[in-house]
Asker: 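Dropping a structure here in structure tokens format, bear with me for questions.
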Amino acid sequence: QVQLVESGGGLVQAGVSLRLSCAASGRAFSWHFMGWFRQAPGKEREFVAAISWNGGSTYYSNSVRGRFTISRDNAKNTLDLQMNSLKPEDTAVYYCAAGRGLALTTSKMAYNYWGQGTQVSVSS
């Protein structure tokens, strides 16, 4: 079992940066691939970024590639999402997720554990 708690959300203006963090507790954090997803009002939860168990592989959605960076620290059991050049369309609740396995995946069905989410609101 893995418990996930996100932090770092807030209300910001377009163009600025924000860093989200996810603190994990429980068993064998390093044995899990990790990801960030987001859900805007009235929309389905969508993939944002993912990272393999050792951080050696990362993948981003087309909408955030080049602006967001996912990273993890297995010694500290933390997952981060650095978000630069934020846009109003990035407004959503952001969720941290973990899946059992080593290789990353973009499919939310493959993730076993989810945090409660943190709100990110970007004004124009």
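Computed from a predicted model, the values in this text were never measured in an experiment. The first residue of the sequence shown is numbered 1, and numbering continues consecutively from there.
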Asker: When the aromatic ring centroids of Y60 and F47 are compared, is their separation below 6.0 Å?
Answerer: no
Asker: Starting from the C-alpha separation in whole Å, work towards a yes-or-no answer on side chain to side chain donor-acceptor pair (under 3.5 Å) for S17 and N84.
Answerer: CA-CA 4 Å; S17 299; N84 298 330; 2.8 Å; yes
Asker: Answer with yes or no whether the hydrophobic clustering places L18 together with I70; edges join I, L, V, M, F, W, Y residues whose side-chain heavy atoms lie under 4.5 Å apart.
Answerer: yes
Asker: Side-chain donor-acceptor contacts of residues 102-110 below 3.5 Å, not counting sequence neighbours, with atom names and distances?
Answerer:
{"residue": "T105", "atom": "OG1", "partner": "S107", "partner atom": "N", "Å": "3.2"}
{"residue": "S107", "atom": "OG", "partner": "M109", "partner atom": "N", "Å": "3.3"}
{"residue": "K108", "atom": "NZ", "partner": "R45", "partner atom": "O", "Å": "3.3"}

Asker: Taking only residues at least two apart or on different chains, which pairs with a member in residues 14-23 satisfy salt bridge (Lys or Arg N to Asp or Glu O under 4.0 Å)?
Answerer: R19-D80
Asker: Can you tell me how far apart CH2 (W36) and CE (M83) are? Round to the nearest 0.5 Å.
Answerer: 8.0 Å
Asker: Verify the distance criterion only: is there a donor paired with an acceptor across the side chains of S121 and Q119 at less than 3.5 Å?
Answerer: yes
Asker: Rounded to the nearest 0.5 Å, what's the gap from OG on S52 to OH on Y59? Could you check?
Answerer: 14.5 Å
Asker: Which pairs, with at least one residue in residues 115-124 and sequence neighbours excluded, count as a salt bridge (Lys or Arg N to Asp or Glu O under 4.0 Å)?
Answerer: none
Asker: Between Q13 and S123, is there a side-chain donor-acceptor contact under 3.5 Å, judged purely by atom types and distance?
Answerer: no
Asker: Does anything in residues 57-72 pair up under salt bridge (Lys or Arg N to Asp or Glu O under 4.0 Å), and if so which pairs, sequence neighbours excluded?
Answerer: R67-D90
Asker: For Y95, what residues pass the ring-ring contact (aromatic ring centres under 6.0 Å, His included) criterion, not counting sequence neighbours?
Answerer: none
Asker: What distance do E46 atom CD and F37 atom CZ have between them, rounded to the nearest 0.5 Å?
Answerer: 10.0 Å
Asker: Please output the side-chain donor-acceptor pairs of residues 4-11 that fall under 3.5 Å, not counting sequence neighbours, one pair per line with the distance.
Answerer:
{"residue": "E6", "atom": "OE1", "partner": "Q116", "partner atom": "N", "Å": "3.1"}
{"residue": "E6", "atom": "OE1", "partner": "Q116", "partner atom": "NE2", "Å": "3.4"}
{"residue": "E6", "atom": "OE1", "partner": "G117", "partner atom": "N", "Å": "2.9"}
{"residue": "E6", "atom": "OE2", "partner": "C96", "partner atom": "N", "Å": "2.8"}
{"residue": "E6", "atom": "OE2", "partner": "G117", "partner atom": "N", "Å": "3.2"}

Asker: Is F29 linked to Y111 within one hydrophobic cluster, defined over Ile, Leu, Val, Met, Phe, Trp and Tyr using a side-chain heavy-atom separation of less than 4.5 Å?
Answerer: no
Asker: Let me know which of T118, V64, L81 forms a side chain to side chain contact (heavy atoms under 4.5 Å, CB included) with R38.
Answerer: V64
Asker: Please state whether the rings of F68 and Y94 are parallel, tilted or perpendicular, taking 30° and 60° as the class boundaries.
Answerer: tilted
Asker: Any donor and acceptor pair, going by atom type alone, linking the side chain of S124 with main-chain N or O of P88 inside 3.5 Å?
Answerer: no
Asker: How long is the span from the OG1 atom in T58 to the CE atom in M34, to the nearest 0.5 Å?
Answerer: 14.5 Å
Asker: Nearest 0.5 Å please: distance from the CD1 atom of I51 over to the NE2 atom of H32.
Answerer: 15.0 Å
Asker: Treating Ile, Leu, Val, Met, Phe, Trp and Tyr as nodes and any side-chain heavy-atom pair under 4.5 angstrom as an edge, say whether W114 and F33 lie in one connected cluster.
Answerer: yes
Asker: Just do the side chain to side chain contact (heavy atoms under 4.5 Å, CB included) check on T91 and V120 with the steps written out, would you?
Answerer: CA-CA 5 Å; T91 295; V120 173; 5.9 Å; no
